[in-house]
Asks: 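Structure below; questions to follow.
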Amino acid sequence: MRLLVVEDDAALRRSLAALLREEGFAVDEAEDGEVGLAKARDGLYDAIVLDVMMPRMNGWQVLDALRPKYTTPVLMLTARDTVPDRVRGLDGGADDYLIKPFDADELVSRVKALIRRSAGRASSRIEVADLVIDISRRIVSRHGEEVPLTAREYILFEYLVLHRGEVVSRTRLYDRLFDETEDSFSNLLDVHVSNLRRKLGASVIATRRGHGYLVE
């Protein structure tokens, strides 16, 4: 999953990006609303974390410019804890709202929930063959035993599971799983798919040659 963090406070932006990368997300950063809007319009993101109070272009203006053409889930961050502010954000198309200072675990949980709902999955528990994917805990298990996966392996499998029945192209997977600092021409994707098949079973992820990968 690929996220965009738009925050003008450099220390907070770096901290948020590091936190989300630890959870296995690919994260791009933007230091103000104008840069954030330009990146958001690329349509590469599964969710956007958007600060409200920024110079040049604030979060509400970014949101107004994105909606309704772009439906990427948006979690807004603000230090202004007033009902009119929250209403303005939600009425403007925000999907969730978090007040600063916030708990890091809560932010991660809310981002995961936004992505899950956007993919049409209300439950955090999904079954595929003899596997159970617990999205809230980021665990894959078989017969009650956890299957050890790296953060990137888990993210790749979760993305395919959330788009179950759909052939996902290699280009799309690179766009969603690797941020702008990573080499999209590397063989990392092939390595991760190979590792997942070894750990989860060779038939769990199917290949459609010339098209991409599929979890049926």
Side-chain angles (χ1 to χ4, degrees), residues 1-5 16-28 42-49 72-73 104-105 107-216:
M1 308 293 177
R2 188 167 175 177
L3 308 178
L4 175 63
V5 175
L16 286 173
L19 168 69
L20 293 165
R21 287 180 182 123
E22 286 178 3
E23 291 291 323
F25 292 107
V27 183
D28 293 344
D42 286 340
L44 300 177
Y45 302 104
D46 296 285
I48 298 171
V49 179
T72 309
D105 289 339
L107 180 138
V108 171
S109 180
R110 286 174 181 261
V111 168
K112 291 177 185 175
L114 286 181
I115 294 172
R116 187 172 68 245
R117 291 199 299 269
S118 177
R121 303 284 182 177
S123 173
S124 63
R125 180 184 170 95
I126 303 173
E127 296 184 12
V128 175
D130 61 347
L131 299 168
V132 175
I133 300 90
D134 186 331
I135 294 176
S136 62
R137 298 169 60 208
R138 299 213 147 184
I139 289 175
V140 177
S141 59
R142 176 185 282 117
H143 307 308
E145 295 292 326
E146 181 181 349
V147 180
L149 301 178
T150 66
R152 187 59 62 82
E153 288 167 359
Y154 174 84
I155 284 287
L156 169 57
F157 188 55
E158 180 188 287
Y159 190 85
L160 290 170
V161 167
L162 288 176
H163 297 85
R164 188 176 183 179
E166 176 184 350
V167 178
V168 183
S169 70
R170 290 174 59 86
T171 299
R172 183 171 158 195
L173 287 171
Y174 269 112
D175 285 343
R176 286 299 197 270
L177 300 176
F178 302 97
D179 64 36
E180 57 196 356
T181 67
E182 296 179 278
D183 181 6
S184 62
F185 295 101
S186 72
N187 68 338
L188 279 174
L189 182 59
D190 302 290
V191 172
H192 292 316
V193 170
S194 177
N195 288 340
L196 283 170
R197 285 172 170 159
R198 177 172 52 82
K199 294 178 180 181
L200 303 178
S203 63
V204 171
I205 300 175
T207 299
R208 296 291 183 264
R209 295 200 177 278
H211 296 284
Y213 297 104
L214 167 72
V215 170
E216 297 181 295

Asks: Once you round to the nearest 0.5 Å, how far does CG of Leu131 lie from NZ of Lys199?
Replies: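 So the CG of Leu131 and the NZ of Lys199 are separated by 13.0 Å.
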Asks: Between Tyr154 and Ile135, is a side-chain contact (heavy atoms from CB on, under 4.5 Å) present by the stated rule, with each step listed?
Replies: CA-CA 10 Å; Tyr154 174 84; Ile135 294 176; 3.9 Å; yes
Asks: Please evaluate residues Leu3 and Tyr45 with respect to the criterion side-chain contact (heavy atoms from CB on, under 4.5 Å), reporting the C-alpha separation (whole Å), side-chain torsions for both, the decisive distance (0.1 Å), and the verdict.
Replies: CA-CA 5 Å; Leu3 308 178; Tyr45 302 104; 5.5 Å; no
Asks: Under a plain distance cut-off of 3.5 Å, with no hydrogens placed, do Tyr159 and Arg2 share a side-chain donor-acceptor pair?
Replies: no
Asks: Using a strict cut-off of less than 4.0 Å between a Lys/Arg side-chain nitrogen and an Asp/Glu carboxylate oxygen, indicate whether Arg138 and Glu22 qualify as a salt bridge.
Replies: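 Not counted as a salt bridge, because no side-chain N and carboxylate O are separated by less than 4.0 Å.
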Asks: Closest heavy-atom contact between Ile205 and Phe157?
Replies: CD1-CD1, 4.3 Å
Asks: Are side-chain heavy atoms of Val204 and Leu196 found at a separation under 4.5 Å?
Replies: no
Asks: Give, for atom OG of Ser194 and atom CG of Leu189, the distance between the pair rounded to the nearest 0.5 Å.
Replies: 11.0 Å
Asks: Inspect the contact between Lys112 and Glu158 and indicate whether a charged nitrogen and a carboxylate oxygen are less than 4.0 angstrom apart.
Replies: no
Asks: What do the steps show when you test Leu156 against Leu173 for side-chain contact (heavy atoms from CB on, under 4.5 Å), and what is the final call?
Replies: CA-CA 8 Å; Leu156 169 57; Leu173 287 171; 3.9 Å; yes
Asks: Atom CG of Asn195 and atom CG of Asp190: how far apart are they, to the nearest 0.5 Å?
Replies: 11.0 Å
Asks: Which heavy atom of Leu188 sits nearest to which heavy atom of Tyr174, and what is that distance?
Replies: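 Heavy atoms of Leu188 and Tyr174 come nearest at N-OH, 3.8 Å.
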Asks: Quick one: closest heavy-atom pair of Gly212 and Val167, and the distance?
Replies: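 Looks like N-CG1, 3.9 Å.
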Asks: Tell me, with the steps shown, if Glu23 and Val111 meet side-chain contact (heavy atoms from CB on, under 4.5 Å).
Replies: CA-CA 11 Å; Glu23 291 291 323; Val111 168; over 6 Å; no
Asks: Would you say CZ of Arg142 has more than 12 non-hydrogen atoms from neighbouring residues, nucleotides or ligands within 6.0 angstrom?
Replies: yes
Asks: For Gly24 and Ile155, work out which heavy atoms get closest and say how close.
Replies: O-CG1, 3.2 Å
Asks: Starting at CG of Leu177, measure out to CZ of Arg152 and round the result to the nearest 0.5 Å.
Replies: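 That separation rounds to 6.5 Å.
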Asks: Say whether, by atom type as modelled, one donor and one acceptor occur between the side chain of Arg125 and the main chain of Asp134 under 3.5 angstrom.
Replies: no
Asks: Can a donor-acceptor pair be found, under 3.5 Å and without considering hydrogens, that links the side chain of Arg176 to the backbone of Leu44?
Replies: yes
Asks: Could you tell me the separation between the CG atom of Leu20 and the CZ atom of Phe25, rounded to the nearest 0.5 Å?
Replies: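 It is 6.5 Å, given to the nearest 0.5 Å.
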Asks: Holding to salt bridge (Lys or Arg N to Asp or Glu O under 4.0 Å), I want the full list of residues that pass it with Asp175, two or more places apart in sequence or in another chain.
Replies: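 Per chain and number, Asp175 pairs via salt bridge (Lys or Arg N to Asp or Glu O under 4.0 Å) with no residue.
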Asks: Measuring from atom CD of Glu166 to atom CZ of Arg172, what distance do you get when rounded to the nearest 0.5 angstrom?
Replies: 4.0 Å
Asks: Does Arg208 reach the main-chain N or O of Leu214 with its side chain, forming a donor-acceptor pair under 3.5 Å?
Replies: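 Checked: no pair found.
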